[in-house]
> 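The structure that follows is given in the form of structure tokens.
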Amino acid sequence: MATKYWLFKSEPGAYSIDDLERDGRTFWDGVRNYQARNMLRDDIKTGDHVLFYHSNADPPAVVGTAVVVADGYPDHTQFEQGHPKFDPKAKEDAPRWFMVDIAFERKFATPLSLESLRTQSKLADMELLRKGSRLSVQPVSRQEFNTILKLAD
DNA sequence: GCCAACGTTGGC
DNA sequence: GCCAACGTTGGC
């Protein structure tokens, strides 16, 4: 299967690229949106590449890359009573929410701010730049991914 | 802190 | 199945 490309959003106060660099690897828990869930469960596979994006940050920016190291599997936080992401409707034999594992790849020397990305004509169709785009997990084309890497260097 | 854009929930 | 109310996201 061909390598695919994605963008994952995280608020740096919750989990930043520095946290990922320190941990080396993490599970991407807490996604509670069905569209994103479907991608995590069905489409995002080991070996795929991920742009790491800081949302609600100053400035909001793509800050590095990661690589997927485990295919989708049930997000355990949905079953943990008291956990902020606990979902009473989720059952162990019928999980609603999924996650993948990712590993740190690189942190950009300079973050690529949302503002700077908007000036790139090659990125005009990028999901991230669409008005009202809120998906915390979203597909990125190979061309868009490569454009971002060029901008980072 | 504001608020536009979305997604979800639940009454009917 | 409609849609109003509510909750969340996330840029600004």
Side-chain angles (χ1 to χ4, degrees), chain A residues 4-23 26-44 48-68 71-102 104-141 143-152:
Chain A
K4 293 182 297 306
Y5 302 87
W6 310 93
L7 180 144
F8 287 11
K9 293 182 187 175
S10 183
E11 299 194 13
Y15 197 84
S16 71
I17 188 75
D18 294 317
D19 292 326
L20 182 60
E21 182 169 25
R22 179 200 63 217
D23 295 344
T26 192
F27 46 85
W28 203 253
D29 64 310
V31 175
R32 297 294 184 267
N33 168 282
Y34 287 106
Q35 218 180 322
R37 184 280 308 271
N38 291 345
M39 290 186 267
L40 289 167
R41 185 188 59 193
D42 305 329
D43 302 325
I44 303 177
D48 286 358
H49 290 277
V50 173
L51 296 173
F52 200 106
Y53 178 80
H54 281 173
S55 62
N56 262 317
D58 188 20
V62 177
V63 292
T65 67
V67 60
V68 178
D71 295 355
Y73 62 102
D75 177 344
H76 56 83
T77 63
Q78 70 193 299
F79 306 123
E80 294 169 12
Q81 212 147 20
H83 190 284
K85 295 289 185 171
F86 174 68
D87 183 346
K89 293 179 182 168
K91 298 285 171 283
E92 297 270 358
D93 56 357
R96 293 183 123 191
W97 307 114
F98 287 74
M99 61 189 184
V100 298
D101 290 356
I102 61 172
F104 178 79
E105 203 165 48
R106 63 178 284 202
K107 177 184 172 180
F108 296 158
T110 308
L112 299 174
S113 71
L114 185 62
E115 185 183 21
S116 71
L117 297 180
R118 286 194 192 284
T119 69
Q120 298 294 325
S121 56
K122 284 184 177 174
L123 301 178
D125 295 331
M126 200 174 171
E127 167 71 22
L128 179 71
L129 306 183
R130 275 195 28 234
K131 185 177 165 74
S133 166
R134 295 196 317 177
L135 267 183
S136 65
V137 170
Q138 53 184 251
V140 171
S141 75
Q143 289 76 12
E144 289 162 350
F145 190 88
N146 288 334
T147 298
I148 297 271
L149 288 193
K150 273 187 194 156
L151 291 171

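Letters A, B, ... are given to chains in the order of the sequence lines, protein chains preceding strands, and every chain is numbered from 1.
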> Can you name the closest pair of heavy atoms from E105(A) and H49(A) and give their distance?
OE2-CE1, 3.1 Å
> Can you see whether W28(A) engages D101(A) through a side-chain donor-acceptor pair at a distance of less than 3.5 angstrom?
no
> Please list, one pair per line, the donor and acceptor atoms closer than 3.5 Å that link side chains of residues 50-62 of chain A to other protein atoms, with sequence neighbours excluded.
unit_1	atom_1	unit_2	atom_2	d
H54(A)	NE2	I17(A)	N	3.1
N56(A)	ND2	E11(A)	OE2	2.9

> Among residues at least two apart in sequence or on other chains, which ones pass side chain to side chain contact (heavy atoms under 4.5 Å, CB included) with N38(A)?
R41(A), D42(A)
> Given W97(A), which partner from the list F86(A), Y34(A), Y73(A) fulfils the ring-ring contact (aromatic ring centres under 6.0 Å, His included) test?
Y34(A)
> Please list, in 5' to 3' order, the outermost nucleotides of DNA chain B lying under 4.0 Å from any heavy atom of chain A.
dA5(B) to dT8(B)
> So which one's nearest nucleotide on DNA chain B is more toward 5', N56(A) or R96(A)?
N56(A)
